[in-house]
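Notes follow the structure.
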Amino acid sequence: MGMLVLECKPGPVFTALNRIPDWFLQIHSAPLGADSVLDVAAIFPFIAHFIEDAEVFWRNPVEARLGSGIWTELDEQGNQHQLEAYALQYQNSRILLLVDLTASFDARHHVYQRAREIALAQERLVMSLQRQQRKLQLQIQGLLARDESLHAIAERVRQHASAVMVCRPDGSVELLNQALMDIYPVSGNNGTRAEHSLLKQWVNEAEALYPEIHRVIETGASWEGEFESSAGSDKKWVRLLIGPVLDQEQRVTHLVCVANDISGLREPAIELERVTDYDFTTQLPNRRHFWRVLTRAIDECRASGEKLVLLYLDVDHFKRINDSLDHQAGDLLLGTLSSRLRSNIKKTDFIAHLGGDEFALMLRTSQRTLDLLPVAERLLKVVRQPLVVDGHNVSITASLGIACFPEHGNDAVGLMKRADLAMYHAKQRGRDQHLMFSRSLDEAFFNRTVIQKDLGNALSGGELRLVYQPQICLGANSFLRLEALLRWHHPVRGLISPAVFVPVAEESDLINQIGNWVLEEACRQARQFMDRNIQVVMSVNVSARQLRAGDFVQRVQQVLADTGLDPSQLELEVTETTLLDNMETRAESLQQLQELGVSIALDDFGSGFSSLNYLKNLPVDRLKIDQVFIQEIPHDEESKTITASVVKLAHELHMTVVAEGVETWDQLRFLQGIGCDYVQGFLLFRPLPPEEIGAVFASLASLRFDS
Ligand code: C2E
Ligand code: MG
Ligand code: MG
């Protein structure tokens, strides 16, 4: 077989301990120095990384030997040689063996072929397990959606062979079955308490292989994968499916988790992967291999100052395509796709198949700026090229997320997360496109998910406050009108604007809880001002969902009764869009409120549909002209005309008018000229904490706007 035995000395330099075999000389005929020193990494660039691994191994040999896996070299006659390297320790010497396996390669190839068949068979088993898990999860989801009792669901899954756990998004367990306790032995007899941390454990364990898991779950999608999990003192390979149950507002109410212990299946597969490190379907490096290469490349780039670009490609609607083909055709499609991608990148770039329909590409460059656009376009274009699979024309597209080291992430997991997030946004924007990560994506994502998560605590944690912005009467008035505006002091992110979090709260029932709190707090505060002889009318913003809730009128009545505030001192602000969905019912509620003595203001007037016609039929006392008009005064003639005619019309309908967003004296003078009743804006007062309102009230009499 002819092997070359080398000893490694610090450097690392390698000296040959035996006669240089012929095959080596056929590949590398350059004369050796007298001391037979070889620069192995330079002669065989393919194993440069392996040699680094070998150095780690020699420092701390945990196994008998470390193998490089087989690689191919061409000799000077153009013949192929299949080579393999092994690192081992022999009597304190660091030994590197280089073996030419060409002769036995055919035989080995056979073994690989066989291994591949076994792996495929296993893959099929995993696929069937996957189908079973999905079916079970859908069943449970259906039961939950139909409000089946947890007890009844528990009864149904009690003896199921798959482990089942249903929990809340925070991990608190609602039910679990015997199979789960078989995998994760539970101490104590009521069981559920010990499992409260299981969801968190799973996410942490899976994250190292699947950094996207947080994002996937937080966005209400289902996630599945295979990873190693600690169960008591054991380690087990688990296949886990987490499927969220959404309510009508698309908020996650439960997570249905289905798990199976696949250690028996995984171990031989891992052994195979360890030998090959390649994914069988696509013949590309697999996820494990990819992580190793990426982690090392980042370390190298950190040292050398090179840049590294990570592209994360995910086929659009792959599931749909895959379901319409059979399993093998799906594999074929992935195989074709991977060879197309591979032939469109440079030899020095790295591509891996991460599993399913996901690919990752890694590019390295010493250039300061790398023009990624053509690369990304080219990759998407080759994906788009029509494909024939099994006689069917299949057209596919993909979404591509891009993240760069070091700008976007400082380690492999961070970088992958960012590339995944960019990919997710590319999909959100309509798929078949690429997107580079940017901080704003992080923020957009934060708005949706973190806000949704944290807003619940905001209320109970006392993080919400109200500030009060005076609305100043341009004529004489002894009452001070105040608009209550919400502020969120987030413990980490600082002050968050209601323009950001109110729309998120409005997507769910949270707006009702928050709205109720605002109403109570504003009325309580108004009452307190009155007790201190500060005469106020308090204006409170009401969102569409609050008004839609059947008991809103009663609630207002109750709050007035509880706080002892006179109804005439409360005003509710609604927007046009709030009224649009069901004008008649809304008008009826407003009417009832008016009958209580509460006044109604139409907020942001002019920004929406602004049909002046329907105003006649609405029980509204005041109009608030939207800031966009006021801010164009006095330069924009149209805004001036609109504002003036709105004031006129409102007066004809016996409504008073508030101008919002008044920032300059010119604006104020114009508004005064057209007979506008109230002004609200930074020119006079910003929204203020309650302590400062007393002083504003005291200064009212001295405020004069005579032109
Ligand atoms: P809005 O009801 O139209 O409130 C007026 C907004 O204009 C406030 O923004 C206020 O700070 C701002 N503003 C006042 N004067 C000026 C000015 O001179 N220039 C400029 N550029 N802006 C001015 P804020 O407090 O950020 O609130 C934004 C929106 O959030 C509010 O618009 C309202 O729709 C909503 N919101 C605030 N508090 C609540 C609440 O308690 N419940 C509900 N449902 N929505 C609320
Ligand atoms: Mg308002
Ligand atoms: Mg407004």
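Whatever order the structure lists ligands and atoms in, that order sets their numbers, starting from 1.
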Review point. Does a side chain donor of either Q471 or R622 reach within less than 3.5 Å of an acceptor in the other side chain?
Key: yes
Practice item. Answer yes if the side chains of H490 and E463 hold a donor-acceptor pair under 3.5 Å, and no otherwise. Key: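 No.
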**Study point:** Residues D454, N457; criterion side-chain hydrogen bond (donor to acceptor under 3.5 Å, both in side chains); working and verdict
**Key:** CA-CA 5 Å; D454 293 356; N457 299 337; 4.9 Å; no
Check your understanding: What atom name does the N, O or S atom of D604 nearest to the Mg ion (ligand 3) carry?
Key -> OD1
Check your understanding: Any side-chain heavy-atom pair from V662 and L671 closer than 4.5 angstrom?
Key -> yes
**Study point:** salt bridge (charged side-chain N to carboxylate O under 4.0 Å, His left out) between R545 and E506, intermediate numbers included
**Key:** CA-CA 7 Å; R545 277 179 87 105; E506 272 170 347; over 6 Å; no
Exercise for review: Run the numbers on E637 and K640 for salt bridge (charged side-chain N to carboxylate O under 4.0 Å, His left out), then give the verdict.
Suggested key: CA-CA 5 Å; E637 285 307 318; K640 289 204 296 199; 3.5 Å; yes
Review point. Is the cationic atom of R532 (NZ for Lys, CZ for Arg) positioned less than 6.0 Å from the six-membered ring centroid of F529 and within 45 degrees of its normal?
Key: no
Looking only at protein heavy atoms, which one is nearest to [atom], and what is the separation?
| atom | value |
| --- | --- |
| atom 5 (C) of ligand 1 | E660 OE2, 3.7 Å |
| atom 8 (C) of ligand 1 | L485 CD1, 3.8 Å |
| atom 16 (C) of ligand 1 | F682 CE2, 3.2 Å |
| atom 13 (N) of ligand 1 | Q627 NE2, 3.4 Å |
| atom 38 (N) of ligand 1 | L486 N, 3.1 Å |
| atom 43 (C) of ligand 1 | N541 CB, 3.7 Å |
| atom 19 (N) of ligand 1 | E663 OE2, 2.5 Å |
| atom 2 (O) of ligand 1 | D603 OD2, 2.8 Å |

Review point. Relative to atom 14 (C) of ligand 1, which among Q631, K624, Q469, Q471 owns the nearest non-hydrogen atom?
Key: Q469
Check your understanding: Which option, A544, P498, S539, owns the non-hydrogen atom nearest atom 30 (O) of ligand 1?
Key ->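 Considering heavy atoms of A544, P498, S539, the nearest to atom 30 (O) of ligand 1 sits in P498.
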Review point. Which bit of D604 gets closer than 4.0 Å to ligand 1, counting heavy atoms only: side chain, backbone, both or neither?
Key: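 Looking at D604 and ligand 1, just side chain atoms fall under 4.0 Å.
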Check your understanding: For ligand 1, which part of E483 has a heavy atom less than 4.0 Å away: the side chain, the backbone, both, or neither?
Key -> side chain
Revision key, fill the gap. In ligand 1, the atoms that come under 4.0 Å of a heavy atom of P687 are 11 (O)
Revision key, fill the gap. Ligand 1 to S543, heavy atom cutoff 4.0 Å, flagged ligand atoms 44 (N)
Below 4.0 Å from ligand 1: does a non-hydrogen atom of [X] turn up there or not?
| X | answer |
| --- | --- |
| G515 | no |
| R686 | no |
| R487 | yes |

Review point. How far apart are the closest heavy atoms of G220 and P244, and which atoms are they?
Key: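 Shortest heavy-atom contact: O-CG, 3.1 Å.
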Practice item. Only one of E483, Q680, R481 passes side chain to side chain donor-acceptor pair (under 3.5 Å) with Q469; say which it is. Key: Q680
Practice item. Please say whether V518 places an N or O atom under 3.5 Å from an N or O atom belonging to ligand 1. Key: no
Exercise for review: Just to the nearest 10 degrees, tell me the angle at the Mg ion (ligand 2) spanned by N541 OD1 and E573 OE1.
Suggested key: 90°
Review point. Once rounded to 10 degrees, what value does the angle at the Mg ion (ligand 2) take between OE2 (E483) and OD2 (D603)?
Key: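 Between OE2 of E483 and OD2 of D603, at the Mg ion (ligand 2), the angle is about 180°.
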Check your understanding: Do any of the N, O or S atoms of E660 sit under 2.8 Å from the Mg ion (ligand 3)?
Key -> yes
**Study point:** Working for side-chain contact (heavy atoms from CB on, under 4.5 Å), residues I242 and V216
**Key:** CA-CA 10 Å; I242 303 181; V216 173; over 6 Å; no
Exercise for review: Could you check L176 against V166 for side-chain contact (heavy atoms from CB on, under 4.5 Å), going step by step and ending with a plain yes or no?
Suggested key: CA-CA 6 Å; L176 46 79; V166 175; over 6 Å; no
Review point. If you draw a 6.0 Å radius around CD in E691, do more than 12 non-hydrogen atoms from other residues or ligands fall strictly inside?
Key: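 Yes, because the 6.0 Å sphere around CD of E691 holds more than 12 heavy atoms from other groups.
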